[in-house]
Each structure stands twice: as structure tokens, then as C-alpha cells.
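Shown next, in C-alpha cells, is the structure this report addresses.
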Amino acid sequence: MLNLTDVFSQMFSHAFMIRALLAGSAVALCASLLGVSLVLKRYSMIGDGLSHVVFGAMAIALALNLAPLRVAVPVVVLAAFFLLRISQNSRINGDAAIAMISSTSIAIGVIFMNFSSGMNADINSLMFGSVLAMTPGDVHLSLVLSIIVFLLFLAFYDQIFAITFDENFARATGVKVGFFNMLVALLTAITIVLGMRVMGTMLISSLIIFPALSSMRVFISFKSVIISSAILALVCFFLGLTASFIFGTSPGASVVVINAIAFLLFSVAGITLKR
Amino acid sequence: MKILSASKLNVQYDQTTALKDVSFDLYEGDYLCIVGDNGSGKSTLVKTLLGLVKPKSGNIDFHSRITQEEIGYLPQTTHIQRDFPASVMEVVLSGCLNRRKWNPFYSRAEKARALKNLRRLDIEDLKHKSFRALSGGQQQRVLIARALCASEKVLLLDEPVTGLDPQTTASLYELIEKLNQELGMTIIMITHDVGSGLKSASKVLHLRKEVLFFGSLEDYQQEELAKCHRGGLRHA
């Protein structure tokens, strides 16, 4: 039988575990808040597309020995604006365009990594995250940017609700819809870059999508869905990290599985409550 | 008192003309019904009035009493997602967003305004309910309350009775008439329903990309009657 107190005291005797918990929780929180709006606006694919673009940008930075975040942040912000345009333009097939951009980014990233050494380990960490290898500098940056994303989200909460619920009405009553769409895309881009270290390209979307979808099974107001998503994201991240410590599994994958279990539980609760 | 004039509005999507030389004036307290077949440019006119679509030429003048952003708007229901988690109060409050400048939260006055409009539409008891769980008629009332939060001067309704049963339709028309008569609101209503929908209208605008008729309800009904006679004779 596992003794939880022992597990926690062991877990947090490692500085790298504390760093992982801090940085991961911050990113999970931001992703879950933005996720509610992205899922409801049917923009989940944008998050997925961006995570692939980050892979390409990070791989190029690694191959050229540049600071990864300095390359990734501007590239992804540009990509976010671009993807938003594509999905708002009815003449282009948004889904297909995003899939095309995603696979091209991965391909370019892999080719750049072919030219540099030690590619397998690097590709693995880009694909599935390397939250246990975060340096104190990484953690500081993650925390600062997460706080900025969090505060901007809170400051413009009502506008984000308005443009998510009914874009036309918001625009007709003078809300700067274009600006706030861009803001959401920008905050998403930053969150995804930060989430890359934690979850990797393949798994970061889950932080955006799962807490929102789970919460929507049970809660009926926007505010309660937002609050539930935030709490759920933090709880699932903590449980996932703990599970990965106990069982020696990959942290990113463990967090996703915990989120999936939470989704099932919330779905059952939703059906029982007849929501 | 004239509140807005549209003059020679021309709107094009790519190569197709959506509106051609549309001109009309709207006075305070008018109840204007815009009628026309599918594809006659009704929705384009709505979007142009709201500033969501820019006309290729021509313009809309707002005469001092209101600005473009002070048109309360009831969109066609299809725009709103059926599975959206939102409480009635959250939806109605979002109508107050345009009167809030840099304050990040809704003030007490704005909350009171939302409650007042809920009471006005007889749906105060629904305020904590989930929007998506309401019936079609209740949802329309909530969205009208939201529109009233945005403006108490002009209300623009885009096919408000689509998909409602006859009884709900009748009570919604009654409500719109009340807003027009008792609060003196100017009403612009797009409608398919040329029967009971026109009953309380003061003016009618018949659209087929250009204006086929614009004038009082009586004149419109006489003209339609005459048209039927002519049509009937021709068929005979």
C-alpha cells in the first residue's frame, strides 16, 4: 500500500519536481481558461495547428543553436494570426489548411534536426515534453508569461464571453471583435509555446480541450464552466504528475490520461444530473 | 423626429448585387417591417444597418439621436450555438457591454438594468436558468432583453418568430407592439410572416434587391390587393 505522505515528501524533495509542478500548473491553468472559448468557438484545431508550428520553430532553433523560446514565440504568434484568418475566411477550407500547415511544420522541423546531432532525444522531448528537465530560468519565464495571460484573460473576461457567445451581436454593439479574437489567438500562442516544455507537440491540445469539455458536461453557466475548468486543470495536472512519479510513466502522457478519466467521470455525472 | 436615413445603398458580394439603390427614412417611434423573398437582401440590409457590412456606395446617416452602436439587435437564432453554457443573466448582461468603457466588471447600475429588462419581458424567474435549456420563445425573450440592455431606442429584429408555435408567435408580437407603443421604441423587424407579422406595423419596406415599396401599412395593403386583382385578371 502506498503511503501518500511519503510519496509527497519524496516527490517534493526533488527541486525538479517542484519546478515541474509550478510551471505545469501555470500552463495548465492558462490553457484551460482559453480552452473554454476555443472549444465553443470551434477553434480547437487552431490550438492543435499551433502546437505543430512550435515543433518546427523549436527544431530549427535547436539545430541552429538559437534560444528556442526566442525563435518560437514570434513564429507562433505570426502563425496564430494567420490560422485565425484562415478559419474566418469561408473561401478556404480551414480544417484542411490547418492540417497542411501542421504536417509541413513537423516535416521542416525533422529535416532541420536531421542536420544536427542527437536528434532522437530532442525529437522525443519536443513531441512529448520534458517537464522534468526544466531549468529555474524556464520556470521563471513560464510563470511570468502565465501570469500575464491569466491577468489579460480576467481583464477582458466579459468581452471574451461576448465574442464567444455571439460575435455578430458583439460587433453590432461596438465590441472590437477583431481585436479580441486576435488577443485570444495571441494568448493561445503564448500558452502553447510554454506548454511545449510540459506536454510536447502531441499532447498540449489536451490541456486546452479536456478541462473545458469535461466542465461543459456538468455546469450550465459560462462562469461556472470557466471556474470548473481552471480547478479541474490544476487537479488533473497534480494527479498526473504524482502518478508519473509513482509509476515512472511519462509526465505528459500521465496528465492526459488523468484528464481523459476526468472527462468520463464528468460525462457520467452530467448524464446522471440530466444536463 | 428622423433618426436615420439610408440613401442609395448599394451592396455587392463579389460580383453579385445584394442591394441596389436602397433609400428610406426612419422616424422615432416607427414600426417598420421589412419584407421580401429569400435572397431579396433583407439580411444584407440588416448587416449594413448594423455596420457589419460596408456598402459599396451610398450611406446611412444617423441623426444625432442615436449612433450605429445604439441599435439593439435580435439576430436570427441560428447564429447562437445550441450547446453553449451560459446563464440567462450572463446573456442579458452581455448587452450592457457597450455602455461600459474601461471598467473590467459590470457595475451595480448595469446589473440593475439587466434585471429591469428581464422583468419587462416577464422572465425574471429564469435569470439563473441555463440559456440552452429554454424553449424557443423564452430564448427569444432573453435575447430581446439583451438587445434592450444595449439600446432602449431602436430595436432591430431579424425574423424573430422563425420556428415558434402560433401561440408563442402571437405573444411575441404582442410584446414587440408593447415596446413600440408603451416605451416608444423604434422597431425594425425583418419578417417572412406577411399576415399577422404586419398587423402592428406602421410602415412597410418591400425589398427585392431594390425597394419595391416603401410607405405606410395601409398603402402597402391596398397596393398588394390591387396587385392580386391584376394578377387574378391576367390568369383568368
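Here is the naming used below: chain letters follow the sequence lines, and residue numbers restart at 1 for every chain.
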Note to self: Please confirm whether the ring centroid of F131(B) lies under 6.0 Å from the ring centroid of F165(A).
What the structure shows: yes

Note to self: On a heavy-atom basis, which atom in A172(A) and which in Y73(B) lie closest, and how many Å separate them?
What the structure shows: CB-CD2, 4.0 Å

Margin query: Taking every non-hydrogen pair under 4.5 Å, which of L50(B), L49(B), L97(B) racks up the most with chain A?
Written below: L97(B)

Check: So, do I220(A) and H128(B) sit near enough that their side-chain heavy atoms are less than 4.5 Å apart?
Finding: no

Notebook entry, point to check: Is R146(B) close to D166(A) at the side-chain level, that is, under 4.5 Å between some pair of heavy atoms?
Noted result: yes

Notebook entry, point to check: Is it true that atom CZ of R100(B) has more than 12 heavy atoms of other residues, nucleotides or ligands lying nearer than 6.0 Å?
Noted result: yes

Item checked: For P104(B) against D158(A), the heavy-atom pair lying closest together -> O-OD2, 3.4 Å

Next item on the list: Give a yes or no on this: more than 12 heavy atoms of other residues, nucleotides or ligands lie within 6.0 Å of atom NZ of K116(B).
Entry: yes

Notebook entry, point to check: side chain to side chain contact (heavy atoms under 4.5 Å, CB included) with M202(A): which residues, sequence neighbours excluded?
Noted result: M127(A), F128(A)

Item checked: Test item: S94(B) and T173(A) side chains (from C-beta on) under 4.5 Å apart, heavy atoms -> no

Notebook entry, point to check: At a heavy-atom separation under 4.5 Å, does V88(B) approach chain A through its side chain, its backbone, both, or neither?
Noted result: neither

Notebook entry, point to check: Is the shortest heavy-atom distance from the side chain of N168(A) to the side chain of L52(B) under 4.5 Å?
Noted result: yes

Note to self: Just checking F81(A): does its CZ atom have more than 12 heavy atoms from other residues, nucleotides or ligands closer to it than 6.0 angstrom?
What the structure shows: yes

Note to self: If I compare all heavy atoms of G95(B) with all of F169(A), which pair ends up nearest, and what's the gap?
What the structure shows: CA-CE2, 3.9 Å

Check: How would you list all residue pairs meeting side-chain hydrogen bond (donor to acceptor under 3.5 Å, both in side chains) that involve residues 30-41 of chain A, not counting sequence neighbours?
Finding: S37(A)-T164(A), K41(A)-E167(A), K41(A)-N181(A)

Next item on the list: Determine whether K47(B) and R171(A) make a side-chain contact, defined as any pair of heavy atoms from C-beta on separated by less than 4.5 Å.
Entry: no

Item checked: Proximal to chain B - members of residues 222-239 of chain A, heavy-atom separation under 4.5 Å -> F222(A), K223(A), V225(A)

Item checked: Option that, when pairs with chain A are counted at under 4.5 Å, heavy atom only, ranks first among S87(B), G72(B), A86(B) -> A86(B)

Item checked: S254(A): partners by side chain to side chain donor-acceptor pair (under 3.5 Å), with sequence neighbours left out -> T249(A)

